[in-house]
Amino acid sequence: MTAMPVDQRTSNVIGVASVFLDNSFNAMAFAGMHRAARERGYELLLSYGSPRSIVERGVALRRVAGWIAMYSTDGLEELISGGAPAVIFCAPALGARCPVVRAENHDSVHRLVDHLVGLGRRRIAYIGKATSDDFIERGAAFDEALRARGIEPDLNLLSSFEDCTIVYTERRLGELLDRDGRFCDAIVAGNDEMAIGAIHALRARGYRVPEDIAVVGFDDISVAQHCEPPLTTMRQGPELLGRVAVERIIDLIEGRAPDRLVTRVPAELVVRRSCGSPAWEALLPAQQDDEDRDDWERDLLRRMNAVLAGPTHLGPGERPLVWPEAEVIARGLGAALAGAEPPEVAELERAFGAAVAYSDRIEILLAVVGQVEQTAAALTAALAGAPAPDVARRVKAFLDRVRLSQQRALAASERRGVRSLERLVRANMDMSRLLSPGPAWFDERLGWLKHTAVRVGCLALWANDRDQDGPELIIDSVHTGDPGVAALVGCRYKAGHFPPPELMEAASPDEPSGYLVMVPLLNGRRDWGALVLGGLHVESFADNLQPLSMWVSLLVAAFERHDMEDALHAERDMLAAAYERERALSSTVRELGCPVIPLLPGVLLISLIGAIDASRAQQITEAVLSGVAREGARWVLLDVTGVPLVDADTAAALVQTAQATRLLGARVSLVGVGPAMAQRMVSLGIELQGISIFQSLAAAIDKLTRRAV
């Protein structure tokens with residue numbers, strides 16, 4: 001299948017094909033992509049899967065003007081065969097047609113190795129995912145960096161790790177430590193999750209970090225500063241990576257050729273306790289000789305912004321204000337010095353809330369407060385001789401407000417994370433109802449989303465009656481407060497034109513998470529359709545997409561369960577119908593197996609076929625007695641020619657039938673007793689008292705007709 005062409009002059013949708021969604025790094029990268037897209041008048045649609053899987057399913061191919069392929073280029077040539085351009089994100093180049101945006105791995109790893117060697121570490125190991133191009137590239141840079149410093153890179157363990165998660169790394173490194181003991185004095189991990197897993201494995205075996213073995217990572221995800229000990233890492237700029245990728249794809253969509261094939265985004269070394277302690281002064285911007293000491297408010301604002309933004313290649317006069325809200329703090333210090341009323345704690349807390357939103361690194365936020373304290377101390381000392389004896393008291397009171405506001409802003413951020421987890425637990429409890437029998441599956445398949453921060457949700461299922469022009473998706477249910485989106489339930493869309501514009505608009509595009517994420521609902525057995533979510537990670541799980549994989553897994557499990565239940569119900573109904581048919585057939589066979597035939601006046605013939613058990617013996621007795629009474633018969637011929645075996649029970653049943661028949665005034669004769677049956681009856685000592693025997697039906701008829709004459 002090849003991708004269909006899109007009119008790039010009218011489409012403003014940028015598609016992102018990613019084989020990974022659910023981690024902090026990707027969430028930040030997506031936020032950067034979304035912001036950049038909105039600034040240029042474009043929308044973002046994330047599709048979980050490789051380019052090849054997207055082509056095979058055919059969803060959104062006619063909606064997207066250009067693609068960003070993240071981490072995998074498998075099937076990318078087919079995806080863009082209809083003419084759409086593409087940019088590759090953190091994956092190898094694919095010819096000159098597709099620009100590449102990726103992290104700067106070479107120099108970053110050299111800086112990590114320099115840091116470790118500077119601390120006296122010589123037995124340095126590298127761990128990374130063997131199938132990831134970034135990890136492979138970092139591994140090659142690791143080997144080069146060690147050799148450049150006269151160290152043999154004999155502990156590159158790239159081939160020993162198949163995954164890059166915390167749990168997997170903890171288990172796998174633990175196996176190596178159990179086998180080889182303390183085989184290194186430092187570990188360079190290909191990402192932060194592997195570094196944190198390594199710390200867990202080391203501490204579980206009694207090793208101290210960093211005293212016995214130092215650990216460094218790559219990415220600086222949010223949890224890196226909160227693990228124990230806090231993680232030294234290379235801080236990538238995922239938002240900047242995402243922004244650059246979007247700018248490249250928009251240039252291609254609008255007909256501008258890229259100025260380079262590969263763009264590398266640099267990383268920053270962040271030193272924490274897992275490998276050395278950070279020098280506090282390194283967080284502070286250098287004092288500039290040309291500073292205007294009379295304009296201390298402007299200078300304080302610049303210094304607070306510089307601390308929050310971190311190191312940059314820009315000069316002091318070129319740095320943009322990443323935290324303009326800090327002006328409230330500088331102005332408040334001025335008010336305290338002048339004896340005016342400073343800002344209230346709530347206003348200061350809002351200002352620090354903006355800082356926390358930009359960076360929740362605790363050491364950075366403390367360094368910001370340190371800047372205010374240093375400036376306040378210098379200004380208070382300069383005013384010591386002025387006629388304002390209470391200036392120190394007012395400044396101290398203001399600084400107490402600043403510290404309180406910073407702590408409240410951090411606490412508010414933590415509370416949002418806790419509320420997010422509480423909502424996630426409630427959502428999961430609701431989702432568990434989908435896995436149990438009940439009306440929830442049919443009434444509210446997306447009802448659990450009310451416990452999340454997701455703004456809009458849509459469950460679309462493949463239509464069973466496939467149209468000749470291609471597969472279609474039917475919107476099964478939605479989660480929304482927008483009546484226009486709610487009206488989409490039951491609507492059908494060609495796969496290539498899904499999702500509809502109404503869903504894109506409902507995702508609140510002006511928010512950092514105002515894009516759509518589309519995840520296929522499938523397993524190895526079946527493809528049910530897609531789950532589409534908008535405004536996904538505003539508060540959910542702090543700043544990542546980890547709940548998404550869990551939600552999709554539970555939905556797929558629910559579909560699988562109810563499919564199995566439907567199959568079991570269908571099989572049960574089929575078996576019940578088969579049982580009823582068997583009963584009817586059995587009844588028919590029994591009726592045919594004991595026919596009552598008026599043979600001559602006053603004579604009934606009952607031809608018996610098949611084995612005679614207790615139930616059938618009762619049926620024979622009832623049939624004979626009923627026939628005798630109905631026909632007024634005086635003679636009954638039981639033809640046993642078709643009975644394969646006469647045993648004691650069969651003989652007893654025949655004797656009982658004869659006795660009951662004599663009570664009605666009729667006689668019973670056996671017809672068709674051959675040599676084998678006669679011998680069998682003799683060997684069993686069977687005596688058929690009162691029952692006459694005929695070898696054949698002809699003999700019986702001859703006897704009866706002569707008797708009648």
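This structure is a prediction, so every number in the text was calculated from the model and none was measured.
Rounding to the nearest 0.5 angstrom, the gap separating the CG atom in Asn105 from the NE2 atom in His110 is 11.0 Å. In this structure, CD1 on Ile329 lies 8.0 Å from CG on Leu300, to the nearest 0.5 angstrom. How far CZ of Arg38 is from OH of Tyr515: 14.0 Å, rounded to the nearest 0.5 Å. Atom CD1 of residue Ile196 and atom OG1 of residue Thr169 lie 10.0 Å apart, to the nearest 0.5 angstrom. Here the NE2-CG distance, from His115 to Leu269, works out to 6.0 Å after rounding to the nearest 0.5 Å. The CD1 atom of Ile127 sits 12.5 Å away from the OG atom of Ser159 when rounded to the nearest 0.5 Å.
The two residues Ala412 and Glu349 have their closest heavy-atom pair at CB-OE2, 4.4 Å. Nearest heavy atoms, Asp192 versus Asp219: OD2-C, 3.5 Å. Of all non-hydrogen atoms in Val215 and Leu202, the two that sit nearest each other are CG2-CD1, 3.7 Å. Counting all heavy atoms, side chain and backbone alike, Glu239 lies closest to Met28 at CG-O, 3.1 Å. Nearest heavy atom pair, residue Ala86 against residue Leu252, reads O-CD1, 3.7 Å. For the residue pair Val216 and Ala195, the shortest heavy atom distance occurs at O-CB, 3.9 Å.
Looking at heavy atoms from C-beta onward, Ile187 lies out of side-chain contact with Ile124 at the 4.5 angstrom threshold. For the pair Leu321/Glu327, no side-chain contact is recorded, criterion being any heavy-atom separation below 4.5 Å from C-beta on. Put simply, the side chain of Phe142 does not reach to within 4.5 Å of the side chain of Leu112, judged on heavy atoms. In this structure the side chain of Phe89 never reaches within 4.5 angstrom of the side chain of Ile249, judged on heavy atoms. Side-chain atoms of Phe30 and Leu21, non-hydrogen and from C-beta on, do get closer than 4.5 Å to each other. For the pair Trp67 and Val87, the minimum side-chain heavy-atom distance is 4.5 Å or more. With contacts defined as side-chain heavy-atom distances shorter than 4.5 Å, the pair Val117/Arg122 qualifies. Considering only heavy atoms from C-beta on, Val369 comes within 4.5 Å of Phe352 through its side chain.
Looking at Arg171 and Glu175, a side-chain N of the basic residue comes within less than 4.0 Å of a carboxylate O on the acidic one, giving a salt bridge. Note on Arg123 versus Asp154: salt bridge recorded, some NZ/NE/NH1/NH2 to OD/OE distance being below 4.0 Å. Of the charged side-chain nitrogens involved, at least one lies within less than 4.0 Å of a carboxylate oxygen, so that Glu137 and Arg264 count as a salt-bridged pair. Note on Arg102 versus Asp133: salt bridge recorded, some NZ/NE/NH1/NH2 to OD/OE distance being below 4.0 Å. Ionic pairing of Lys129 and Glu193 is not present here: no N-O contact between side-chain nitrogen and carboxylate oxygen is shorter than 4.0 angstrom. Between Arg205 and Asp178 a salt bridge is recorded (basic side-chain N to carboxylate O distance below 4.0 Å). Using a 4.0 Å cut-off between a side-chain N of Lys or Arg and a carboxylate O of Asp or Glu, Glu247 and Arg40 do not qualify as a salt bridge. With respect to Asp299 and Arg302, a salt bridge is recorded, a charged nitrogen being found less than 4.0 Å from a carboxylate O.
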Audit row: Val246, Tyr42, side-chain contact (heavy atoms from CB on, under 4.5 Å) steps and yes/no: CA-CA 10 Å; Val246 165; Tyr42 285 79; over 6 Å; no

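In this structure, Asp134 contributes its side chain and Ala103 its backbone to no donor-acceptor pair below 3.5 Å. Panel note: side chain Arg121, backbone Asp185; a donor-acceptor pair is recorded below 3.5 Å. Put simply, the side chain of Arg52 never gets that close to the backbone of Leu79: no donor and acceptor are under 3.5 Å apart. A donor-acceptor pair under 3.5 Å links the side-chain atoms of Tyr207 to the main chain of Arg182, judged by distance alone. Judged by distance alone, the side chain of Arg203 and the main-chain N or O of Arg208 form no donor-acceptor pair under 3.5 Å. The main-chain N or O of Val372 is never found under 3.5 Å from a side-chain atom of Thr375 such that the two would form a donor-acceptor pair. Here the side chain of Asn191 pairs a donor or acceptor atom with the backbone of Met194 at under 3.5 angstrom. Put simply, the side chain of Glu104 gets close to the backbone of Asp107: a donor and an acceptor are under 3.5 Å apart. In terms of modelled atom types and a separation under 3.5 Å, the side chain of Ser274 and the main chain of Thr232 share a donor-acceptor contact. Between the side chain of Gln406 and the backbone N or O of Leu365, at least one donor-acceptor pair lies under 3.5 Å.
In the model, Thr233 has no side-chain atom that pairs as donor or acceptor with a side-chain atom of Asp220 under 3.5 Å. If you check the side chains of His34 and Glu43, you find no donor sitting under 3.5 Å from an acceptor. Side-chain polar atoms of Asp143 and Asn156 form a donor-acceptor pair below 3.5 angstrom.
Judged by the 6.0 Å distance and 45° axis criteria, Arg138 is positioned over the aromatic ring of Phe135.
Residues meeting the side chain to side chain contact (heavy atoms under 4.5 Å, CB included) test with Ala354, sequence neighbours left out: Trp323, Glu325. Phe161 is linked by a ring pair (Phe, Tyr, Trp, His ring centres under 6.0 Å) to nothing, counting only residues two or more places apart in sequence or in another chain. Under the ring pair (Phe, Tyr, Trp, His ring centres under 6.0 Å) criterion, Tyr48 pairs with no residue, sequence neighbours left out.
By the 6.0 Å contact criterion, CD on Glu162 is open, its count of non-hydrogen atoms from other residues, nucleotides or ligands being 12 or less. Glu77 CD: 12 or fewer foreign heavy atoms inside a 6.0 Å radius.
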